[in-house]
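Heads up, the thing below is written out as structure tokens.
Naming convention: chains lettered A, B, ... in sequence-line order (proteins, then strands); numbering from 1 in each chain.
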Number of protein chains: 2
Amino acid sequence: MSDDQKKQLEEFESRIDQFHPGHSIDCVILGYHDRHLKILLLKWKHAELWSLPGGFVYTHESLEDAAYRVLKERTGLGSIFLSQFHTFGDVERQTAPSAPQAVMMENLYQKLPLKDPVRFRNWIQQRFITTGYFALVDFEKTEPRPDFLGERCEWIDLQQLPELLMDHDAIIKKALAQLRIQLNYLPVGLSLLPEKFTIQDLQKVYEAILQKKLDRSNFQRKILKLGFLNRHEKQMTGAANKAPFLYSFDERNYKELLTSGIGFSM
Amino acid sequence: MSDDQKKQLEEFESRIDQFHPGHSIDCVILGYHDRHLKILLLKWKHAELWSLPGGFVYTHESLEDAAYRVLKERTGLGSIFLSQFHTFGDVERQTAPSAPQAVMMENLYQKLPLKDPVRFRNWIQQRFITTGYFALVDFEKTEPRPDFLGERCEWIDLQQLPELLMDHDAIIKKALAQLRIQLNYLPVGLSLLPEKFTIQDLQKVYEAILQKKLDRSNFQRKILKLGFLNRHEKQMTGAANKAPFLYSFDERNYKELLTSGIGFSM
DNA sequence: TCAAAAGTGTTTCCAATACACCCATGA
DNA sequence: TCATGGGTGTATTGGAAACACTTTTGA
């Protein structure tokens with residue numbers, strides 16, 4: 001366990017009674033790299049088990065602030081697109097889909113250097129209602145850091161999800177469904193890309209989210225007509241073909257559009 | 001206080017430690033009557049203060065079941081359209097927008113015939129994170145009943161909202177925004193009408209929700225083309241004009257449509 | 001016979017789609 | 001000079017919107 005993690009655990013234990021009871025948050029953090037949608041997951045120690053980055057809410061902290069805090073802690077990123085999508089409150093949501101999961105969790109808890117194991121148990125094993133947030137981030141800018149339960153924090157291809165804790169796979173599914181809906185009236189896909197990008201990059205993002213091919217030339221026209229992309233110099237890719245223009249997101253124009261209302265569908 | 005309410009209060013107090021801590025639900029229940037959207041609100045005793053029908057979640061009950069239970073208790077209706085729309089977790093959400101509200105609440109609590117006032121206080125005055133659900137119901141079929149805090153439970157015109165408890169006005173706003181979005185891809189408006197209705201009825205529902213006038217003839221064509229309305233006999237209204245056809249909702253056709261996907265916008 | 005609402009038809013316009021064409025680039 | 005992907009043009013289709021025309025009804 002790293003020093004950083006020890007410190008996190010210490011902080012957690014010392015403030016355990018400052019948490020709002022029975023409520024957690026889970027973040028579905030999506031990035032885009034190498035033409036694939038990636039999700040930031042935590043691999044648990046001593047087990048082939050992964051989970052969403054999550055956390056708890058301090059008594060004097062709003063739900064949203066807690067989500068931002070978790071995001072900041074795991075990725076180093078502040079002030080980005082974050083959106084609440086659903087609150088999960090089934091009674092059975094914490095019963096692991098497979099019995100081995102319970103063993104793995106038990107195993108991990110026992111190995112933690114805890115000051116007050118009983119209090120920790122009482123906290124961690126209560127029923128939690130969890131609120132899901134999703135974030136779209138620029139893959140390049142993140143510096144993933146595990147929390148004290150995780151061995152490492154890593155970008156995983158959405159198409160190749162490993163075994164996930166509890167109901168976290170259902171949470172991810174719901175997040176993606178919500179994202180697809182949002183995409184119809186907000187160009188959220190833009191937050192996944194670095195500052196400058198080509199239209200093809202953006203199209204690939206849309207295709208990854210919507211899980212379908214889009215027509216190249218029509219996509220270009222539609223997205224440009226919305227009018228919040230600035231064209232820059234061409235980019236020589238080194239490939240044997242015409243060089244594409246680079247574009248960037250014009251936040252000012254975008255905000256003007258928002259006030260007048262956007263119609264948008266793909 | 002009615003016998004019914006006394007019983008409700010008794011039940012509440014006796015089970016107060018079986019509630020999931022710090023979490024509540026609030027229901028935005030909408031109906032349609034007399035060409036207006038109405039919302040079901042509770043008027044508090046001894047005060048000109050209104051609130052959304054709400055409740056708490058039992059330890060062995062899912063969030064959704066709790067919402068259905070509240071709906072059933074307030075309206076007598078079971079198995080209807082109910083949709084979670086947002087979870088509100090601001091720290092200050094319970095600080096009344098006006099100081100007099102605190103006085104009114106205090107006033108009411110003191111007058112309740114409680115067995116254990118201290119325990120009641122400790123419960124009711126904690127910080128709550130609340131999850132909002134909205135329901136669209138057939139106005140005619142409801143039998144509003146107040147809970148033990150309410151003097152009466154009543155349908156109020158959405159255009160003429162009275163002073164509301166805490167952040168309940170913000171919750172309503174959010175519900176309506178969500179409803180407008182949903183309306184774009186699900187014909188949810190239908191749940192607001194009795195079994196048989198005219199196209200004009202339905203159009204008025206849409207206009208009430210979207211807050212704008214729609215073209216009569218285009219609305220008719222669009223809604224009929226979706227193909228899940230059955231035409232019935234004409235209805236003689238007694239007015240000096242052509243009699244409209246009655247329609248009913250064809251659930252079977254609708255469900256087929258859902259699987260193949262709906263495109264819908266007004 | 002008149003006003004009001006219902007039902008249907010028509011015209012115009014624009015977005016979506018499919019696809020064709022030429023251009024730039026480096027192997 | 002060729003394959004590849006980029007940028008632009010165009011024809012077709014279908015829906016949205018505006019509005020005109022006719023029908024039905026009771027006063």
Side-chain angles (χ1 to χ4, degrees), chain A residues 34-35 180 183-187 189 193 196-208 210-248 257 260-266, chain B residues 34-35 180 183-185 187 189 193 196-248 257 260-266:
Chain A
D34 204 16
R35 311 225 149 164
R180 281 181 201 116
L183 204 57
N184 282 328
Y185 49 103
L186 292 179
L193 294 169
K196 292 190 178 180
F197 50 86
T198 67
I199 298 289
Q200 187 185 197
D201 291 333
L202 188 56
Q203 184 178 339
K204 293 295 170 191
V205 167
Y206 271 80
E207 290 179 346
L210 297 174
Q211 296 282 358
K212 66 176 179 187
K213 290 271 165 221
L214 301 173
D215 183 272
R216 185 179 56 87
S217 99
N218 294 329
F219 180 83
Q220 176 123 344
R221 217 162 341 130
K222 268 162 98 170
I223 210 77
L224 286 178
K225 189 154 56 153
L226 291 174
F228 43 70
L229 291 186
N230 293 324
R231 179 183 278 197
H232 300 282
E233 73 285 6
K234 291 197 174 194
Q235 179 195 39
M236 296 296 173
T237 55
N241 52 39
K242 196 168 173 177
F245 286 105
L246 286 177
Y247 291 84
S248 70
L257 247 188
S260 61
I262 279 186
F264 205 76
S265 82
M266 284 288 155
Chain B
D34 204 17
R35 311 227 150 164
R180 280 180 202 117
L183 205 57
N184 281 328
Y185 49 102
L193 293 169
K196 292 189 178 182
F197 50 87
T198 67
I199 298 289
Q200 187 185 199
D201 290 334
L202 188 55
Q203 183 178 339
K204 293 293 170 191
V205 167
Y206 270 81
E207 289 179 345
I209 295 177
L210 297 175
Q211 297 281 358
K212 64 177 180 187
K213 289 273 167 220
L214 300 173
D215 183 89
R216 186 179 56 85
S217 100
N218 293 331
F219 181 83
Q220 176 124 343
R221 217 163 340 130
K222 269 162 97 169
I223 210 78
L224 287 177
K225 189 152 57 151
L226 291 174
F228 44 71
L229 291 186
N230 293 323
R231 179 183 279 197
H232 299 282
E233 73 284 5
K234 292 196 173 195
Q235 179 194 40
M236 294 297 173
T237 56
N241 52 38
K242 196 168 175 177
F245 285 105
L246 286 177
Y247 291 84
S248 70
L257 248 188
S260 60
I262 279 186
F264 206 76
S265 82
M266 284 288 155

Enter the inter-axis angle for the ends of the helix from dT1(C)-dA27(D) to dA27(C)-dT1(D) (five pairs per end, rounded to 10°). 10°

Between K222(B) and dA17(D), does any side-chain N or O lie under 4.0 Å from OP1 or OP2? yes

Hey, does the side chain of Q220(A) come within less than 4.0 Å of dG6(D)'s phosphate (OP1/OP2), counting only N and O? no

Under 3.5 Å, which protein N or O atoms sit close to an N or O of nucleotides 9-13 of chain D? Give each pair with its distance.
| residue | atom | partner | partner atom | Å |
| --- | --- | --- | --- | --- |
| dG9(D) | O6 | S217(A) | OG | 3.0 |

What residues form a salt bridge (charged side-chain N to carboxylate O under 4.0 Å, His left out) with K196(B), not counting sequence neighbours? E233(B)

Any residue meeting side chain to side chain donor-acceptor pair (under 3.5 Å) with N241(A), in chain and number order, not counting sequence neighbours: none

Using the side chain to side chain donor-acceptor pair (under 3.5 Å) criterion, which residues pair with Q220(A)? Sequence neighbours excluded. none

State whether K225(B) places a side-chain N or O below 4.0 Å from either non-bridging phosphate oxygen (OP1 or OP2) of dG14(D). no

Checking Q235(B) now: which residues fulfil side chain to side chain contact (heavy atoms under 4.5 Å, CB included) with it, not counting sequence neighbours? T198(B), T237(B), P244(B), L246(B)

Could you pull out all residues at least two apart from K225(A) that satisfy salt bridge (charged side-chain N to carboxylate O under 4.0 Å, His left out)? none

Between L224(B) and A243(A), which residue's closest nucleotide on DNA chain C lies nearer the 5′ terminus? L224(B)

R180(B): partners by side chain to side chain donor-acceptor pair (under 3.5 Å), with sequence neighbours left out: none

Closest to side chain of A240(B), choosing from dT25(D), dG7(D), dG26(C): dT25(D)

Measuring from atom CD1 of I199(A) to atom CZ of R231(A), what distance do you get when rounded to the nearest 0.5 angstrom? 8.5 Å

R216(A): partners by side chain to side chain donor-acceptor pair (under 3.5 Å), with sequence neighbours left out: none

For K234(B), report the nucleic acid contact type (base, sugar-phosphate, nothing); a contact means any heavy atom under 4.0 Å. nothing

dG7(D) base to R216(A) side chain: any donor-acceptor pair below 3.5 Å? yes

